[in-house]
Structures are given as structure tokens and as C-alpha cells.
Visitor: 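Here it is, the structure, as C-alpha cells.
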Amino acid sequence: MSDTPLLSVRGVHAYYGLSHVLHGVDLDVHTGQIVALLGRNGVGRSTLCKAIMAIVERQGSIRVKGRETIALAPHQMARLGLGYVPEDRAIFPGLTVEQNLILGQHSDAGPKSWTIDQVYSHFPSLERRRATDADVLSGGEKQMLAMCRALMSGPDLILVDEPTEGLAPLIVEQVGELMAEIARTGVSILLIEQKLTMAMRIADHVYVMGHGQTVFSGSPEQLRADQDTCKAWLEV
Ligand SMILES: Nc1ncnc2c1ncn2[C@@H]1O[C@H](COP(=O)(O)OP(=O)(O)OP(=O)(O)O)[C@@H](O)[C@H]1O
Ligand SMILES: [Mg+2]
């Protein structure tokens with residue numbers, strides 16, 4: 001196995017017009033890993049996802065499998081194997097579960113793209129809902145649909161922004177299990193989370209972000225032991 005990270009973010013700055021939100025973020029995701037990015041509201045976690053996907057103005061270095069991508073456009077980032085599940089889940093109401101999945105397919109789908117049947121065989125509860133209007137799904141089911149739709153294009157890595165927001169504790173654990181299952185299929189995950197217990201349980205590596213920079217990098221155990229970081233940068 002090569003040591004080249006799947007995703008390597010170095011000194012990344014991001015801007016909304018004149019507003020300078022990211023101030024030099026460093027972060028790596030290796031093949032097969034679940035990496036959790038934790039931090040308080042407003043520190044720039046969603047902006048980092050958008051910067052990685054090239055949907056906000058960005059500077060610095062973002063390498064995918066060693067290749068510099070900082071000058072690329074969003075559709076090119078997707079073609080390099082990056083999937084994105086945004087905060088609002090972006091489910092299309094008025095379309096069925098299956099129609100939503102089909103919308104996740106790329107016209108130039110590569111060899112790793114999933115078929116609908118593969119998604120259903122991994123996630124049978126979605127198959128039971130295949131003809132249901134996506135709008136009537138529960139919060140947890142909508143999140144499952146949003147992640148599976150991202151899998152349809154065969155990504156190497158999915159960026160998942162706060163998948164458990166607004167979900168009940170039991171469902172949070174189920175969404176955690178779903179991500180662990182996705183990772184076992186060989187897809188890496190960059191998980192933005194507030195739910196520390198779930199994130200720390202499934203993550204291989206943890207970053208904490210504060211004020212537009214990464215302020216901690218280590219294992220879940222190392223973060224638990226680092227009371228200063230927890231007190232300064234997390235809601236604990
Ligand atoms: N479209 C935008 N235009 C201008 N400023 C923005 C925009 N989106 C976010 N910001 C600002 O950028 C900063 C970081 O926002 P971001 O959404 O990345 O934070 P976050 O860590 O994801 O927090 P949360 O999801 O809890 O809101 C905030 O100060 C926010 O007000
Ligand atoms: Mg956010």
C-alpha cells in the first residue's frame with residue numbers, strides 16, 4: 001500500500017467574497033479511513049467541505065492521490081473520486097427513493113460506480129422504501145439515502161457534513177453504523193460531526209477545528225486524554 005494520502009489538504013484558505021473564513025487548514029485522509037472533523041458551530045467545518053469540493057473560493061494545496069487539484073472545478077473534483085453529502089442532505093422531494101439514487105449516477109460513471117442493486121444489497125431497508133416519495137422518509141432514512149446516492153458515482157472518499165443533526169440518539173448510532181458499513185466497502189469518509197460519542201467510536205483519526213484552522217490531530221484516545229483541547233475547542 002502506498003503512503004500517499006487519498007486526500008491531503010495543506011495551508012488551505014477559503015473566502016466568501018471579502019470574508020476570509022479558513023486560515024491555513026492541514027488535514028489528511030488515507031485510504032480506508034474514517035476521519036472525523038470536530039469543532040464548534042461556525043468555525044468553518046462546512047466551509048472546508050466546500051473548499052475541498054471547489055464550491056467556494058480556495059487557495060493553498062489540495063492533493064487527491066498525490067495530484068494537485070487546487071485549480072480544478074467542482075465537476076472535476078467529483079470525477080477524481082470525491083463525493084459530497086451536504087448539510088441539508090439535498091434530497092429531491094416529489095421523487096422516489098430510487099429516482100433519487102439514479103440522480104447520483106454520473107453520465108461518465110467509472111468502474112467503481114455502484115449499481116442500484118448493489119446499494120440495495122448492502123442497505124436492504126432502502127430497497128423496502130424504493131418506491132416511496134423521498135420526502136416522507138424519516139430523518140435517518142433521508143441521511144441513508146443521501147449517503148447511498150453519493151456512493152452511486154463510485155467515490156473513493158465521501159465528505160459527510162453533520163449527518164446526525166436533528167436526529168434522536170438511537171438514530172445517531174444507526175447512522176454511525178451505516179458509515180462504518182460504507183467504510184468496510186472500501187470507501188473512505190471525512191465526517192463533520194458534533195456528536196462526539198458516535199464520531200469518536202467510528203473514527204480512525206480525529207481533527208479538531210477552531211477559528212479556521214486545525215488545532216488538534218490525533219487518535220480518538222489521544223483526543224479524550226487531551227483535556228485542554230476538549231475544554232478550549234469542544235462542547236464538553
Ligand atoms: N455563504 C456565506 N457567505 C458568507 N459567510 C459565510 C457563508 N457561509 C458561512 N459563512 C461564515 O463562515 C464561517 C464558517 O461557517 P461554516 O458554515 O463553515 O461553519 P461550520 O463550522 O460548518 O458551523 P455550523 O455548521 O455549525 O454553522 C461563519 O462565520 C459563517 O458565518
Ligand atoms: Mg456546518
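For ligands, and for the atoms within them, numbers begin at 1 and follow the listed sequence.
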Visitor: Linking I/L/V/M/F/W/Y whenever any side-chain heavy atoms sit under 4.5 Å apart, do Leu145 and Leu191 land together?
Guide: yes
Visitor: Select the closest option to atom 19 (O) of ligand 1 among Gly17, Ser19, Ala14, Gly44, judged by heavy-atom distance.
Guide: Gly44
Visitor: Please work out, at 4.0 Å between heavy atoms, whether the side chain, the backbone, both, or neither of Asn41 comes within that distance of ligand 1.
Guide: both
Visitor: Quiz question for you: does at least one protein heavy atom lie closer than 4.0 Å to atom 31 (O) of ligand 1?
Guide: no
Visitor: Below 2.8 Å, can you find an N, O or S atom of Thr47 next to the Mg ion (ligand 2)?
Guide: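 For Thr47, the answer is no, given that no N, O or S atom comes within less than 2.8 Å of the Mg ion (ligand 2).
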Visitor: For Glu87, what is the atom name of its N, O or S atom nearest to the Mg ion (ligand 2)?
Guide: OE2
Visitor: Got a protein heavy atom sitting under 4.0 Å from atom 28 (C) of ligand 1?
Guide: yes
Visitor: Test Leu159 against Met53 for side chain to side chain contact (heavy atoms under 4.5 Å, CB included), laying out the working first.
Guide: CA-CA 9 Å; Leu159 315 181; Met53 296 309 294; 3.6 Å; yes
Visitor: For residues Thr214 and Asp26, is any side-chain donor paired with an opposing acceptor at under 3.5 Å?
Guide: no
Visitor: If I take every N, O or S atom of Asp161, is at least one of them less than 2.8 Å from the Mg ion (ligand 2)?
Guide: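 No - counting backbone and side chain alike, Asp161 has no N, O or S atom under 2.8 Å.
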Visitor: Under 4.0 angstrom from ligand 1, any heavy atom of Met209?
Guide: no
Visitor: Could you check whether Tyr16 and Thr47, counting side-chain N and O atoms only, form a donor-acceptor pair closer than 3.5 Å?
Guide: yes
Visitor: I'd like to know if the side chain of Thr164 pairs up with that of Glu193 as donor and acceptor (distance under 3.5 Å, no hydrogens or angles considered).
Guide: yes
Visitor: Any atom of ligand 1 sitting under 4.0 Å from a heavy atom of Gly39?
Guide: no
Visitor: Considering the options Val215, Leu27, Val25, Leu38, which one meets the side-chain contact (heavy atoms from CB on, under 4.5 Å) requirement together with Met209?
Guide: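 Of the listed options, the one satisfying the test is Val25.
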Visitor: Taking only heavy atoms of Glu87 into account, list the atoms of ligand 1 that are under 4.0 Å away from them.
Guide: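 Going through ligand 1 atom by atom, the ones under 4.0 Å from Glu87 are 25 (O).
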Visitor: For ligand 1, does Lys50 get within less than 4.0 Å through its side chain, its backbone, both, or neither, judged by non-hydrogen atoms?
Guide: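 Looking at Lys50 and ligand 1, no heavy atom falls under 4.0 Å.
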Visitor: Check whether the side chains of His205 and Gln33 place a donor and an acceptor atom closer than 3.5 Å, and report yes or no.
Guide: no
Visitor: Between His20, His211, Arg45, which one has a non-hydrogen atom sitting closest to atom 20 (P) of ligand 1?
Guide: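 The option holding the nearest heavy atom is Arg45.
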Visitor: Could you tell me whether some N/O pair between Val43 and ligand 1 is separated by less than 3.5 angstrom?
Guide: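 It does: an N or O of Val43 is found under 3.5 Å from an N or O of ligand 1.
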Visitor: Out of Leu48, Thr47, Leu22, Val21, who gets a non-hydrogen atom closest to atom 18 (O) of ligand 1?
Guide: Thr47
Visitor: Take His23 and His211 through the ring pair (Phe, Tyr, Trp, His ring centres under 6.0 Å) test and state the conclusion after the steps.
Guide: CA-CA 8 Å; His23 299 267; His211 302 323; 9.2 Å; no
Visitor: Considering only the protein, which heavy-atom contact is closest to atom 8 (N) of ligand 1, and what is its distance?
Guide: Tyr16 CZ, 3.3 Å
Visitor: Considering the options Asp28, Asp156, Val29, which one meets the side-chain contact (heavy atoms from CB on, under 4.5 Å) requirement together with Leu7?
Guide: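 Exactly one pass, corresponding to Val29.
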Visitor: Testing the 3.5 Å rule here: is there a donor-acceptor pair between the side chains of Ser125 and Glu141?
Guide: no
Visitor: Indicate yes or no: does an N/O atom of Ser46 lie under 3.5 Å from an N/O atom of ligand 1?
Guide: yes
Visitor: Identify, by atom number and element, the atoms of ligand 1 in contact range of Gly42, meaning under 4.0 Å from any of its heavy atoms.
Guide: 13 (C), 14 (C), 19 (O), 20 (P), 21 (O), 23 (O), 24 (P), 26 (O), 27 (O), 28 (C), 29 (O)
Visitor: Does the side chain of Arg128 come within less than 4.5 Å of Tyr120's, by heavy atoms?
Guide: no
